[in-house]
Amino acid sequence: MSLLSAFARLGLQRGGVVSSAVARCLHTTPVLCAEPLKKKKKLDPQVIKQREDRRKKKIEKQIRRLEKNARQLKPVEELEVPLELIDENDKRQRKLTPLGSAEVEERALLKKEWARFKHDERVADFQIIDRLVQSQNKALEELRRESEDLYQAAIEVDLQLLPVTLKGPVSTPPIKNYASPDGDYIHQSMKWE
């Protein structure tokens with residue numbers, strides 16, 4: 001700032017005005033003071049060896065501790081039952097009357113009957129599908145004996161049969177002269193006027 005004001009005073013002494021264009025082109029940087037690095041102290045090789053030994057012992061101790069605790073599984077918070085639920089266990093137990101033997105037998109027979117019904121229903125569906133496919137194949141064979149052109153037209157896929165709309169690939173080439181909406185940009189640099 002002081003450098004800019006000095007230039008402004010210099011311009012006023014000459015009888016001119018420092019324009020904002022000159023002010024925008026003028027940049028100042030902070031003074032970077034550096035000093036030479038301190039020389040490293042030479043350490044005794046014995047001290048260096050002791051430090052390395054300590055480091056090795058510490059790592060070995062950590063490895064031993066990990067091996068000892070390897071058998072213990074980490075507790076999973078989702079699997080832990082909250083203490084309130086453990087305390088309320090008696091309150092939360094449902095008092096159900098045991099089913100009688102007649103009820104158990106009736107439920108078992110009902111399950112068997114339902115399974116038999118669903119099996120028969122599935123077999124009937126398969127039989128219907130088989131009959132439809134056989135009659136279709138028989139009709140196509142008869143058509144082929146009549147005319148090969150009609151047969152080829154019959155087995156051709158009809159794209160108008162089902163109204164299917166498909167969209168193209170998601171990744172498309174860029175549109176020329178497209179101004180992308182990047183959002184608002186607020187210029188916040190200092191203005192020297």
Side-chain angles (χ1 to χ4, degrees), residues 1-99 104 107-108 111-112 114-115 118-119 122 162 164-193:
M1 184 72 181
S2 61
L3 188 60
L4 185 61
S5 60
F7 275 121
R9 272 188 259 119
L10 181 65
L12 289 174
Q13 287 173 357
R14 287 186 181 171
V17 178
V18 176
S19 67
S20 62
V22 172
R24 273 192 235 118
C25 296
L26 187 63
H27 298 287
T28 60
T29 58
V31 179
L32 301 175
C33 299
E35 59 183 55
L37 297 173
K38 293 180 182 177
K39 287 186 178 179
K40 288 187 177 180
K41 294 178 183 176
K42 290 189 177 180
L43 294 174
D44 187 24
Q46 188 71 24
V47 174
I48 295 171
K49 188 176 181 200
Q50 285 177 348
R51 286 183 184 170
E52 288 177 2
D53 288 343
R54 268 191 242 126
R55 217 176 279 137
K56 283 180 185 177
K57 284 180 183 177
K58 192 175 180 181
I59 291 171
E60 287 173 359
K61 186 177 178 183
Q62 288 176 347
I63 289 173
R64 270 187 264 119
R65 192 181 311 131
L66 287 173
E67 286 174 351
K68 188 172 96 176
N69 294 333
R71 294 177 218 99
Q72 296 177 356
L73 297 175
K74 275 189 173 180
V76 180
E77 292 179 10
E78 293 86 19
L79 298 178
E80 291 180 3
V81 180
L83 293 174
E84 301 99 36
L85 294 180
I86 293 172
D87 293 340
E88 296 174 359
N89 191 18
D90 294 333
K91 294 178 189 175
R92 291 177 174 266
Q93 290 292 328
R94 290 186 181 175
K95 308 293 189 246
L96 297 175
T97 57
L99 297 174
V104 172
R107 287 187 182 189
K111 282 183 184 179
K112 286 181 184 177
W114 177 252
K118 292 306 279 182
H119 176 264
R122 193 169 183 187
L162 293 173
V164 177
T165 56
L166 300 173
K167 293 187 178 180
V170 177
S171 178
T172 57
I175 301 168
K176 291 181 182 176
N177 301 326
Y178 176 72
S180 65
D182 288 336
D184 296 333
Y185 174 71
I186 300 170
H187 187 70
Q188 293 182 336
S189 59
M190 299 282 269
K191 293 181 181 177
W192 305 100
E193 294 176 353

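In what follows, every heavy atom counts, from backbone to side chain, and hydrogens, waters and symmetry copies are set aside.
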Sorted by chain and residue number, the side chain to side chain contact (heavy atoms under 4.5 Å, CB included) partners of P45 (sequence neighbours excluded) come out as none

Under the rule for side chain to side chain contact (heavy atoms under 4.5 Å, CB included), what residues qualify as partners of R54, not counting sequence neighbours? Q50, R51

Would you give the length of the straight line joining atom NZ of K57 to atom CD1 of I59, rounded to the nearest 0.5 angstrom? 13.0 Å

NZ-CD distance between K58 and Q62, expressed to the nearest 0.5 angstrom: 6.5 Å

For atom CG of L83, decide whether the heavy atoms of other residues, nucleotides or ligands shown that lie under 6.0 angstrom number more than 12. no

Between L85 and N89, does a side chain to side chain contact (heavy atoms under 4.5 Å, CB included) hold up when you go through it step by step? CA-CA 6 Å; L85 294 180; N89 191 18; over 6 Å; no

Do D44 and K49 pass the side chain to side chain contact (heavy atoms under 4.5 Å, CB included) test, and can you show the C-alpha distance, the side-chain angles, and the key distance before you say yes or no? CA-CA 9 Å; D44 187 24; K49 188 176 181 200; over 6 Å; no

Does R92 have any side chain to side chain donor-acceptor pair (under 3.5 Å) partners at least two apart in sequence or in another chain, and if so, which? E88

